[in-house]
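Report on the structure given below.
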Amino acid sequence: MTPNENPQNPGQPQQISLNDQMKRRLEERLHLAESGVNPYPCHFDVTHFSDSIITNFEDDATETVSVAGRIMTIRKMGKASFFHLQDANGRIQIYLKKDDVGESSYQTFKLLDIGDIVGVKGYTFKTKTGEISVHAQEFSLLSKSLRPIPIAKEKEIDGQKVVYDAFSDKELRYRQRYVDLIVNPDVKQTFIKRSAIVSFMRGFFTGQGWLEVETPILQPIYGGAAARPFTTHHNALDMQLYLRIANELYLKRLIVGGFDGVFEFAKDFRNEGIDRFHNPEFTQVELYVAYKDYEWMMKLVEELFYQAACAVNNCDSVVFLGNDISLKPPFRRLTITDSIKEYCGIDISDKDEHELRSMARDLGLELDPKISSGKIIDEIFGEFVEPKLIQPTFITDYPIEMSPLAKEHRSKPGFVERFELIAGGKELCNSFSELNDPVIQRERLEAQSKLRQRGDEEAMIVDEDFLRALEYGMPPCAGLGVGVDRMVMLLTGQDSIRDVIFFPHLKPE
RNA sequence: GAGAAUAUAGCUCAGUCGGUAGAGCAUCUGCCUUUUAAGCAGAGGGUCGAAGGUUCGAGUCCUUCUAUUCUCACCA
C-alpha cells in the first residue's frame, strides 16, 4: 500500500482531518527542516533513564546525563523554561536556559510542542522547590509530533495525586491505545505486569523441565473445548479451516509422542459474545504432564498462583472485583456436589434427570427441557454457587456428561477427575486427569456428535486422528488450562478483560 | 440478543422553557531567566455522531440509523 492510500477505500487518498493545531505542526515540521533542523534524525545516545536519575541523585554530586523522551508539560518563562520529559520508566523535569543552550537553539525549543520527542544532555540538580531535574546544556528534536495529545494536568494535594482533565473516554482509549499508554501511566504498569506474569509462568514451567511448544492455530477440525469457532478458508487447498478454540488435542498428541511435559501460551478464538470477561480472541496457557493426575495438578496450580502473585505484586493477596482475595495455599477444595449442598441446601447425589429438574425448578431456575442431568447440575452450580466463591476454591469431580475428554473418577461412577479454580466468582482454570482409554474416548466423542446432530452447536466433533494417536497409547496424564487474561485481571486488580488486552475487539470506526 | 445511558472545540465537560455556541486546559500573539494544574494581557478555534421530520426558528422536541459504555442474556 502506498503511504497516502486509504486502507478502507484503496485507491482513494486518505482523508486526514486537519484541524488548526495539526496544520500548524505540519508547517512547523517544514519550517524546522528548512532551517536545518532534522525533525526526524536517526539516533540519540541515551545514558540514563528518568527513574534511575531520581533514585540515585545526591545533593552535592551533579552528574552528566543524556535522556530522551516525550515532552509532557511545558512552562515557558521568557528566556528560560521548564518541561517534563517522559521516557520508558517515568518522568524527569528539564530546565532549559537561553544563556546555556544559545539563542538559536532556544528559538528552536520555543517552536516545540507537548508530544514532541527530544533528547537532552545536561547535569542533574535540584530546583528551589525541591524537584530533581536536569539542567540542559544541549537538546535536540528527535521526532516531531503532528497530533496534539490529550493533556492531563496533575497536582499533589497532601501527597495525593489529583489528575485534572484525564484522558478518560473509554472508546478512544481502546481505539488509540498508544495515546492511552502515553498519557495514563497506570495502563502501562498493568501491561508490564502482564508481561511479568507470563514470564513468571514460562520460567515456572520450563524450570520443571517441560517443553514450550507451538501447535496449529488453523485447524481442519476444531476441538478441545465446547465453543463455536471462527471459520476461514485456505485458497490453494480450497478447504475450510477453523481458528482453534483450544489446543488440548494437539498437546496430548505430543504426550503420545513421548514428551513428559508440554505447554503452550495459545491465542484461542471463540465466536461468542463479548463482555468484560470475554474477548473473541484470548490467551490460554495449556499444560500437560505425563504420569500425573488432577490431585497433583491442584497443588501445582496453588503454587503457580501464589508464586506469581508474590513475583509481580510482592504480596499474596489481591483486590479483585471489589473483594480482598488471599492466594496463600492451600485453596479450599469442594466437590461440585458438596458445593451445591452447601450453597443451595440440596443433595444432588444419586438423582436422576427428572428429580434434578424438579429440584432446579424449586430453586427458581427455568431450564431448557432438552438439557440432560449433567447440564442441569452445571446450571445450578453456575447460578447459585459460582458467584459466591470469592476466595480461591477448587471445585472438583464434575458430572461425566460435561467433560468428554476427562477420565472417569477412580471411585465415583458418573463423575470425572476434574477441577476448576474459581476466584472472585469467576473461573480461572480448568483441569483434569486426561482420558487415555481410546475405546472410551471414542464412545464419549461419538456421544458428543449425537448431541451435535440434535442441535448442540458446541458439542465436540469426532477427531479421528486424535483417536488414532490415543490408540498408540498415551501415558496417564494431567492437563491444565489457565485463562491468562483472567489471571492477569486477578493479579492486576482490573475489572475488565479489555484493560488487560492492548487492543480489545471493537467494531470498526 | 434485550434494556438503560452517552455522543457538543484537540482533551475534560456545561448548555435552563425551542430563540446569536459556552468554560477550563491545549493552540496562537505579547510580557516573563528556578517554574510545576506556572503567571499576566489579548486572540483564534464548532457540519453540536449521521439522516430525516415538527416548527417562523432545533444542540435542545419526534423518527430512523451508527458507535460506545454499563447491566442482563449467551458463553467452560
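Chain letters run A, B, ... following the sequence lines, proteins first, then strands; residues in each count from 1. Everything numeric in this text was worked out from a predicted model, so none of it was measured.
For A:Arg75 and B:U35, the shortest distance from a side-chain N or O to OP1 or OP2 is not below 4.0 Å. When the side-chain nitrogen and oxygen atoms of A:Arg228 are compared with OP1 and OP2 of B:C75, none of them lie within a distance under 4.0 Å. Dashed line: the shortest gap from a side-chain N or O of A:Arg25 to OP1 or OP2 of B:A26 is not under 4.0 Å.
The distance from the CD1 atom of A:Ile71 to the CZ atom of A:Phe139 is 7.5 Å, given to the nearest 0.5 Å.
Across all strands, A:Lys507 comes closer than 4.0 Å only to sugar-phosphate atoms, never to a base (heavy-atom distances).
The main-chain N or O of A:Leu112 is never found under 3.5 Å from a side-chain atom of A:Asp116 such that the two would form a donor-acceptor pair.
At a threshold of 4.0 Å, the pair A:Asp113-A:Lys144 counts as salt-bridged, since one of the basic side-chain nitrogens sits closer than that to a carboxylate oxygen. A:Arg444 has no carboxylate O lying under 4.0 Å from a charged side-chain N of A:Glu408, or vice versa, which leaves the two without a salt bridge.
Screening residues 489-499 of chain A for side-chain hydrogen bond (donor to acceptor under 3.5 Å, both in side chains), with sequence neighbours left out, gives A:Tyr174-A:Asp499, A:Thr190-A:Gln494.
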(request) Using a 3.5 Å limit on both pairing distances, list the dot-bracket string of RNA chain B from the 5' end; Watson-Crick and G-U wobble pairs count, crossing pairs take [ ], interstrand pairs take |. (result) (((((((..((((.....[..)))).(((((.......))))).....(((((..]....))))))))))))....
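With a glycosidic angle no more than 90° from 0, B:C17 adopts the syn conformation.
Outside the 6.0 Å centre-distance limit, the rings of A:Tyr294 and A:Phe432 are not counted as a close aromatic pair.
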